[in-house]
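Below: one structure, written as structure tokens.
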Number of protein chains: 2
Amino acid sequence: MAAVDGPTAQAQSTTEKTEFAPKIGRIPIRFLAPQQPEGRWPAKAFAGEAVPFSATIFREGHDLIGGTLVLTSPTGTVTRHRMTPGAPGTDSWHTTALVDTPGAWTYRVEAYTDDWATWLHNAEIKVPAGIDVDVMLAIGRELLARLGTSPTVTDAVATLDDTTLTPVRRLAAVDDPRLAALVAETPLASLTTLSEERPLRVERSRAGLGSWYEFFPRSEGAKKRKDGTWVSGTFRTAAKRLPAVAAMGFDVLYLPPIHPIGRSFRKGPNNTLVAAPGDPGSPWAIGSAEGGHDAIHPELGTVKDFSFFLSAARKNGLEVAIDLALQCSPDHPWVTEHPEWFTTLPDGSIAYAENPPKKYQDIYPINFDNDPEGLRAEILRIVEYWIGVGVTIFRVDNPHTKPLQFWEWLLGVVNTRHPEVVFLAEAFTRPAMMQSLAGVGFQQSYTYFAWRNTKVELEEYLVEVSKETSATFRPNFFVNTPDILTEYLQFGGRPAYKVRAAIAATGSPSWGVYAGYELFESVARPGSEENIDNEKYEFKARDFAGAEAAGDSLAPYLTRLNEIRAQHPALRQLRNLDVHWSDDDSILVYSKYLAPQFTGTGEADGIIVVANVDPHSVRETTVHLDPTRFGFERGAEFTVTDLITQSTFVWGGDNYVRLDAFTEPVHILRVEYPKGP
Amino acid sequence: MAAVDGPTAQAQSTTEKTEFAPKIGRIPIRFLAPQQPEGRWPAKAFAGEAVPFSATIFREGHDLIGGTLVLTSPTGTVTRHRMTPGAPGTDSWHTTALVDTPGAWTYRVEAYTDDWATWLHNAEIKVPAGIDVDVMLAIGRELLARLGTSPTVTDAVATLDDTTLTPVRRLAAVDDPRLAALVAETPLASLTTLSEERPLRVERSRAGLGSWYEFFPRSEGAKKRKDGTWVSGTFRTAAKRLPAVAAMGFDVLYLPPIHPIGRSFRKGPNNTLVAAPGDPGSPWAIGSAEGGHDAIHPELGTVKDFSFFLSAARKNGLEVAIDLALQCSPDHPWVTEHPEWFTTLPDGSIAYAENPPKKYQDIYPINFDNDPEGLRAEILRIVEYWIGVGVTIFRVDNPHTKPLQFWEWLLGVVNTRHPEVVFLAEAFTRPAMMQSLAGVGFQQSYTYFAWRNTKVELEEYLVEVSKETSATFRPNFFVNTPDILTEYLQFGGRPAYKVRAAIAATGSPSWGVYAGYELFESVARPGSEENIDNEKYEFKARDFAGAEAAGDSLAPYLTRLNEIRAQHPALRQLRNLDVHWSDDDSILVYSKYLAPQFTGTGEADGIIVVANVDPHSVRETTVHLDPTRFGFERGAEFTVTDLITQSTFVWGGDNYVRLDAFTEPVHILRVEYPKGP
């Protein structure tokens with residue numbers, strides 16, 4: 001029976017004369033994955049991902065079935081991928097396919113009764129038992145006839161027909177590996193049913209994969225004068241730091257807002273309400289007489305300087321992300337030109353940002369409802385202006401304080417015109433908003449990672465981001481930011497910095513570091529979760545080279561992490577993470593695996609991470625692995641090499657581990673696969 | 001801002017001039033419930049259900065929001081139900097609404113910014129703190145203006161305007177309960193957004209609510225002759241048993257197939273392959289020279305006799321369910337008239353049912369793919385024939401061995417023409433098929449209940465059926481069937497029979513008993529999970545009255561259970577079950593609660609069930625209740641009355657319980673509510 005098209009069409013052959021058209025196909029196919037929850041927006045992937053696809057397929061009775069993923073690329077190329085059954089009783093079927101080019105992909109699942117497998121199953125029980133022998137052999141011959149007339153088939157028919165043989169010998173005709181290959185290639189299918197079509201939006205690899213570094217350009221090359229005031233760094237001086245960032249293996253450089261900074265109510269050091277004349281102010285208080293969101297802070301340079309910086313970054317293999325912070329200082333040109341873009345109070349004043357009783361008088365939030373069309377046009381103009389200058393990544397500040405509908409519109413328009421542009425959502429809020437921002441189009445998102453520090457928290461979160469939300473939400477595991485210096489880092493000592501970096505770099509294909517992490521900056525403004533003397537409000541000149549020379553820098557470790565990521569395609573995937581068990585409450589274990597057909601080298605790639613997440617301890621325990629999760633049979637022995645220490649171990653299902661937080665708190669183990677033939 | 005219609009239309013006001021239309025509304029509304037998974041078929045409810053509705057609603061920033069369920073009845077009557085927020089951080093909003101009439105209901109959720117609540121929250125912080133006092137009071141006056149000019153409003157405005165008062169006193173103007181009532185009635189809403197519309201299919205109450213009893217009419221009044229052969233019971237003799245069944249409080253009587261039984265390969269006692277001349281055969285081997293699925297077994301009587309039986313049942317308050325078993329004995333008229341409705345093998349024979357190496361030669365399965373149109377028409381004709389005779393419930397035998405697509409079609413057509421008809425799916429198979437049969441339209445389903453016997457199993461299963469699957473799947477908790485005599489019943493003794501009946505009758509609005517349960521019939525055919533001397537293959541004359549007179553019958557207990565169900569509307573609901581904790585591994589605790597507005601009496605109804613599921617033990621433990629689940633404040637004390645023993649206890653959060661399986665293994669406790677004013 002030929003495949004028929006679409007969920008309603010499925011039923012057409014049998015219902016066209018009736019008043020009621022079933023929505024289910026002849027062979028039920030349900031719960032296609034990946035999908036975003038509700039199916040409201042397309043499932044997401046990034047180029048180079050090996051995407052797990054699945055569906056629930058079942059039929060009445062005892063006949064055996066098969067399933068095939070039918071995947072259509074943006075150019076219309078159709079590939080077919082045989083599915084295999086999942087856990088018994090689940091009726092779930094699975095396959096994994098590489099999506100290699102960005103664009104609008106679609107997929108369907110085809111299900112069918114496997115006539116050959118059904119017959120073979122029955123014949124192999126009945127013929128030896130002497131039940132219905134002639135009928136079973138006759139059915140076998142009918143099925144062989146559907147396979148054509150190749151020598152493989154005619155040989156089998158001849159044996160099946162040879163009445164001089166015993167029935168069991170005649171049936172043995174089908175034990176031919178060539179025949180098995182033939183029916184594997186072209187199943188003898190009937191009742192073939194095609195599911196509805198589902199969309200899969202594939203974006204460029206940077207949408208899901210990258211090592212981010214954040215610095216304030218004004219700090220890079222900033223110099224303190226003798227009178228205590230500062231000379232700001234510029235794009236030209238900051239460019240000098242690019243080779244060092246690139247040498248650590250980072251490939252995205254994120255800059256806080258580069259626009260003119262307001263003077264009204266400018267914040268002083270440590271978020272104080274009064275700024276001294278030389279205080280530079282928060283880059284997020286955008287807009288002054290020098291311009292707004294389409295201008296560059298004069299102290300950083302000109303557009304030409306910024307273009308020079310972009311070009312220098314590019315030469316160093318670094319893509320630059322700028323900040324899109326949709327808020328204004330009271331000095332922003334919009335305040336006078338477009339008061340309708342703000343909220344005017346009954347006394348004629350413009351409402352500042354507040355969370356009563358706290359008020360933030362250096363910031364006017366935008367009102368998106370007075371003139372949505374005008375505002376959208378202006379913001380789109382600004383974004384496209386920077387795209388024109390050469391920016392391809394926007395880190396969006398606090399998107400959860402602007403309407404979700406606005407983001408769906410803006411990202412929809414921008415990505416239609418500029419599909420290469422990547423938006424990172426800096427939202428730290430409740431799950432509904434976090435997931436919905438990702439749902440409407442943000443390519444990646446800041447996460448709760450910073451606050452997931454215990455073994456159980458990390459196990460649950462790694463599974464959540466790699467499995468449960470992976471069709472919607474792409475995590476970027478920042479270990480710190482100018483806003484986030486967690487208690488774990490404040491009080492965990494240097495081991496904590498290693499642990500968090502190692503888990504971020506191996507647990508997610510996108511991770512990020514804010515400058516100063518490599519210097520173990522761990523002192524917080526008392527009672528807060530931010531660095532003291534926060535760079536948001538002042539210049540910061542750091543002696544990276546000096547620290548490294550003194551052996552006081554984490555830069556070599558960060559460099560090694562990025563090297564390992566570069567060498568191991570399994571670490572550049574989101575969905576391939578599996579958690580394993582250890583007997584210790586603080587020893588976290590997970591593996592990432594990529595099968596040979598997806599690595600590009602033809603060889604499997606597997607990494608096992610074993611981390612002691614208690615940074616104050618030495619721990620010994622047993623780690624229990626399921627080797628089927630990284631390409632071996634259950635019970636296999638294999639060699640692993642620690643990519644930090646270069647130690648080698650022979651491991652199996654149960655393995656002794658000792659992790660000393662004060663030396664190396666994390667094993668990053670390469671699984672050694674036997675070389676292919 | 002006026003409500004705008006539909007998910008795309010929502011965005012219209014702001015996007016009509018742009019190239020990209022967002023799918024999300026101004027205030028995001030997601031995850032409407034109830035819905036079937038995938039939303040492929042409408043969510044289900046039955047008339048009289050108090051249905052919990054929910055949605056995820058959130059917005060950017062700090063403004064407070066509100067949500068309203070907008071429910072449309074089949075006649076177009078629209079009711080609005082204020083929603084309340086769920087657990088912090090979930091952004092879920094909830095309400096419960098009664099669906100009182102069968103038909104196609106729809107619902108939407110409306111979300112809005114609650115301007116009044118937002119202002120009040122801010123004003124009550126800022127005004128006492130002396131921040132922005134004039135502006136806050138001015139905003140308050142603007143909001144009051146939107147409330148109209150009633151005395152309540154003008155009083156408040158006057159106080160708010162009275163500059164002789166302190167700001168705090170002026171603000172106190174809004175502490176008027178009349179004002180609170182006014183804004184509760186008509187919220188001061190802005191950015192009002194309406195979700196997409198979702199369907200809710202409400203069926204008559206019998207679709208989800210009933211106490212079922214099963215007997216074989218041929219056994220009721222059957223008499224053994226002196227030679228050991230039997231005189232079959234008939235519809236006329238079976239009708240004499242109806243008052244006793246009704247007296248036990250059952251309201252549905254289910255009859256195994258009433259059609260002529262095949263003679264070829266007829267099964268003998270205990271499923272033996274050879275029947276003696278007097279053996280009646282299995283009623284599920286349908287069809288003989290006397291007719292097929294539209295005929296009545298001559299030994300039971302005529303259509304006239306059956307109509308008499310239906311009428312007698314009706315007079316006793318019993319609705320009759322007949323069996324729709326789509327399979328044929330080799331003697332069925334279809335075998336010669338429509339061989340295309342079966343599978344013909346290469347040797348010209350018709351394939352019997354088999355699960356190799358087992359074969360069932362008394363049964364020919366139907367092939368639904370050779371002539372689907374013809375077969376559908378004939379089966380529809382048969383179903384409508386019995387509907388014409390007066391049958392309104394069909395218990396469908398093994399629906400999981402026929403195409404799901406066929407059932408979607410059949411039930412779709414039948415329920416379009418006869419919305420009152422109820423189909424019960426007798427499928428014991430994997431979850432995907434079980435749920436999908438319910439999904440395509442089966443009004444109710446047999447369940448895994450028989451095999452859920454431990455406390456943990458029951459807790460999980462009660463939550464699954466009452467919550468997780470309740471939009472799709474309506475359970476009918478049969479305690480036994482002619483096919484199912486579980487080990488729990490075989491070896492649990494008489495206490496097991498009480499435990500299982502009490503849980504079935506209180507845990508699900510539909511439950512069922514197969515005749516003999518009240519006689520504690522517990523002997524299985526060795527190695528099987530069926531009664532020995534199974535009634536499927538022989539006559540069975542039971543002395544119900546004698547057993548009851550001797551005190552050897554569970555009938556009084558079953559009667560009491562059905563009385564309790566009749567008196568307690570909370571037990572006639574599916575979705576209102578909550579599990580509570582006990583310290584003992586075998587003491588199961590759950591409550592069912594119905595709020596005063598849904599009971600019909602204006603009084604709350606609450607039942608707490610505490611069951612010792614270890615039928616060989618006396619157990620003492622502490623039961624920990626969450627009284628908020630049945631209408632009290634946390635920490636409340638209340639009186640409960642055991643409806644089995646009439647004992648009364650004063651209970652609270654933590655309660656000592658002693659349950660002796662050998663006397664009364666189950667407390668069924670009525671919660672005593674203080675009488676209203």
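Order of the sequence lines sets the chain letters (A, B, ...), proteins ahead of strands, with each chain counted from 1. FYI, side chains are in, hydrogens and waters are out, and symmetry mates aren't considered; it's all heavy atoms of this structure.
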field: Contact class of B/Phe58 relative to chain A, heavy atoms under 4.5 angstrom
entry: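 Contact with chain A is through the side chain of B/Phe58 alone.
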- prompt: Minimum heavy-atom separation for A/Gly89 to B/Pro431, with atom names?
  reply: O-CD, 3.8 Å
What's the spacing between [X] [atom1] and [Y] [atom2] if we round to 0.5 Å?
X        : Y        : atom1 : atom2 : result
A/Asp132 : B/Leu345 : CG    : CG    : 7.5 Å
B/Glu60  : A/Thr401 : CD    : OG1   : 8.0 Å
B/Asn415 : A/Phe20  : CG    : CZ    : 9.0 Å
A/Ile24  : B/Leu437 : CD1   : CG    : 10.5 Å
B/Gln435 : A/Phe31  : CD    : CZ    : 8.0 Å
B/Gln405 : A/Arg26  : CD    : CZ    : 7.0 Å

Between A/Lys359, A/His400, A/Gln35, A/Met433, the one whose heavy-atom pairs under 4.5 Å with chain B are most numerous: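 Highest number of pairs under 4.5 Å: A/Met433.
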- prompt: With respect to chain B, which residue among A/Ser436, A/Ala432, A/Pro403 yields the maximal number of heavy-atom pairs within a distance under 4.5 Å?
  reply: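 Ranked by contacts with chain B, first place is A/Pro403.
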- prompt: What residue in B/Thr56, B/Ile139, B/Leu32 has the most heavy-atom pairs under 4.5 Å with chain A?
  reply: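 It is B/Ile139.
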message: Among B/His121, B/Arg59, B/Glu354, which residue has the highest count of heavy-atom pairs closer than 4.5 Å to chain A?
response: B/Glu354
task: Counting only heavy atoms closer than 4.5 Å, note whether A/Ala129 contacts chain B via side chain, backbone, both or neither.
output: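 Answer is neither: A/Ala129 stays 4.5 Å or more from chain B.
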message: Taking side chain as everything from C-beta outward and backbone as N, CA, C, O, which of these in A/Ile131 sits under 4.5 Å from a heavy atom of chain B? Side chain, backbone, both or neither.
response: side chain
query: Is it true that B/Glu38 and A/Lys23 make a salt bridge, defined as a side-chain N closer than 4.0 Å to a carboxylate O?
result: no
- request: Could you tell me whether the side chain of B/Asp134 reaches within less than 4.5 Å of the side chain of A/Asp347, counting heavy atoms only?
  value: no
